[in-house]
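Chain A is the first sequence line, chain B the second, and so forth, proteins listed ahead of strands; every chain is numbered from 1.
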Amino acid sequence: MDFKNKLKRWYSINKRNLPWRVTTDPYRIWLSEIILQQTQVKQGLPYYKSFVKTYPTVFDLANANEEDVLKLWQGLGYYSRARNLHATAKYVASELNGKFPDNYKDLLQLKGVGDYTASAIASFAFNKATAVVDGNVYRVLSRVFGIETPINSSAGIKEFKAIAQSLIDTKDPATYNQAIMEFGSVQCKPKTPDCPSCPFNTICIALQKGQQHLLPVKINKTKVKTKYFNYLVFRDAKGQTLFEKRTQKGIWKNLYQFPLVETEKSLNISDFEQLDLEPYLKDILPFDITLYNAIDKIHKLSHQHLHTKFWIIDTPELPKKAVSIKTIRKYPTSVLINDFINEFKFGL
DNA sequence: GTCCGGTGCT
DNA sequence: AGCACCGGAC
């Protein structure tokens, strides 16, 4: 049996009864698809019901106040969906006589309708053979066929769309589309796929390799944050400095560093003098401050760019916890601090 | 805490 | 291509 027939057999046994699956009314299908974007069935279902009840037709929704629509949407999140929903209802009601477009290309023009939703409505309401590709489809196809192209790359988006389209049942595209998404949602789940009972467990490439959890591949898009670090490099008459353990979680936990002040932006000397350094300087007076590096030293980590300044603070006497500068190389520290120590040499 | 997920905008 | 938008599951 081929992929689509196995899938449809699985679906006929395992499908949930959901109200948008027993209608071909484009309005209700569109409404359900907008609600279900970025939203699980369990969370979206009560909203779907209340929208259908409050606004049984696209004209009812078009005639509503935006505030009332937003109120009904309250709690679902991504509120631009509700604003787009209302705008599209008004457009369909007034410009299209209440008739939704019946094909992928025209559906795509509607506000709030992207590639997935246009394909979904075209197939569910108009029986067009346009394959849907949502998060479930990416997961199922990448695992069953062992496709490692990142799903959030332009190559991956094209590749998965083409594969989905090649697998679709052209005789009954609506059922096929429902089936593959339901399968991804119920059986081929992100964290705990039920492989032992899976109809594809004899052909699934990911299962053969034991790599279900590694697929689909996503490019790490952890955005790089810019942070501004100011290290306070104290020196006293006895050749001591303050060097302390970084105990907070995150980078460099349990490594040693000079006292650190993180700021919102890069500081010049007068900014620095405005800072409230009370917690660092309460036992330390008088002092003289100079900036070691006028240009920020930029230290790059995978997810952070640290713009760093080293402030040299001379003072006659430091508190008891101060350590001899001669000993600081013995402490574990970051490359950033180590490079500074090697470069600055503390005038030695 | 981290992961998950479509569309619109730039 | 990168980011903003939100709430829930785990």
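Under the ring-ring contact (aromatic ring centres under 6.0 Å, His included) test applied with A/Phe258, the options A/Phe229, A/Phe344, A/Phe243 reduce to a single match, A/Phe243. With A/Lys309 as the partner, the side-chain hydrogen bond (donor to acceptor under 3.5 Å, both in side chains) test is satisfied by one option alone out of A/Asn230, A/Asp296, A/Asn293: A/Asp296. For the salt bridge (Lys or Arg N to Asp or Glu O under 4.0 Å) criterion with A/Glu182, the lone passing option out of A/Lys189, A/Lys15, A/Arg16, A/Lys8 is A/Arg16.
For the contact set between residues 15-41 of chain A and DNA chain B, defined by any heavy atom under 4.0 Å, the members are A/Gln37, A/Gln38. Within residues 104-121 of chain A, the residues approached by DNA chain B to less than 4.0 Å at the level of any non-hydrogen atom are A/Leu110, A/Lys111, A/Gly112, A/Val113, A/Gly114, A/Asp115, A/Tyr116, A/Thr117, in residue-number order. Contacts between residues 67-78 of chain A and DNA chain C, counted as heavy-atom distances below 4.0 Å, involve A/Gly75, A/Leu76, A/Gly77, A/Tyr78.
Listed candidates were B/dC4, B/dG8, C/dG7. Nearest to the side chain of A/Asn84 is B/dG8.
Contact annotation: A/Ser80 does not reach the phosphate of B/dT7 (side-chain N/O to OP1 or OP2, under 4.0 Å). When the side-chain nitrogen and oxygen atoms of A/Lys189 are compared with OP1 and OP2 of C/dA9, none of them lie within a distance under 4.0 Å. At least one side-chain nitrogen or oxygen of A/Arg139 sits closer than 4.0 Å to the OP1 or OP2 atom of B/dG5. In terms of phosphate contacts, A/Lys218 brings a side-chain nitrogen or oxygen within less than 4.0 Å of OP1 or OP2 of B/dG5.
Toward the 5′ end of DNA chain B lies the nearest nucleotide of A/Lys191, the other residue of the pair A/Lys191 and A/Asp134 mapping further downstream. Both A/Ala155 and A/Gln43 lie close to DNA chain C; mapped to their nearest nucleotides by heavy-atom distance, the more 5′-ward contact belongs to A/Ala155.
Checked against side chain to side chain donor-acceptor pair (under 3.5 Å), A/Gln212 has no partners two or more places apart in sequence or in another chain. The salt bridge (charged side-chain N to carboxylate O under 4.0 Å, His left out) check on A/Asp25 picks up A/Arg28, with sequence neighbours excluded.
Residue A/Phe234 comes nearest to A/Pro259 through the heavy atom pair CE1-CG, 4.0 Å, listed as atom of the first residue, atom of the second, then distance.
A salt bridge links A/Asp115 with A/Lys161: at least one charged nitrogen is closer than 4.0 Å to a carboxylate oxygen. Between A/Lys171 and A/Asp169 there is no salt bridge, since no side-chain nitrogen of the basic residue lies less than 4.0 Å from a carboxylate oxygen of the acidic one.
Connectivity analysis of hydrophobic side chains (ILVMFWY, heavy atoms under 4.5 Å, direct or indirect) links A/Ile205 to nothing; its cluster partners are none.
Straight-line distance from the CG atom of A/Leu214 to the P atom of B/dC3: 14 Å, rounded to whole Å. Spacing between atom NZ of A/Lys42 and atom P of C/dG8 amounts to 10 Å, rounded to whole angstrom units.
The aromatic ring centres of A/Phe183 and A/Trp10 sit less than 6.0 Å apart.
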Kindly determine whether A/Arg329 and A/Asn338 satisfy side-chain hydrogen bond (donor to acceptor under 3.5 Å, both in side chains), including the steps that lead there.
CA-CA 8 Å; A/Arg329 286 176 197 275; A/Asn338 196 55; 5.3 Å; no

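Here A/Arg83 lies out of heavy-atom contact (under 4.0 Å) with every strand.
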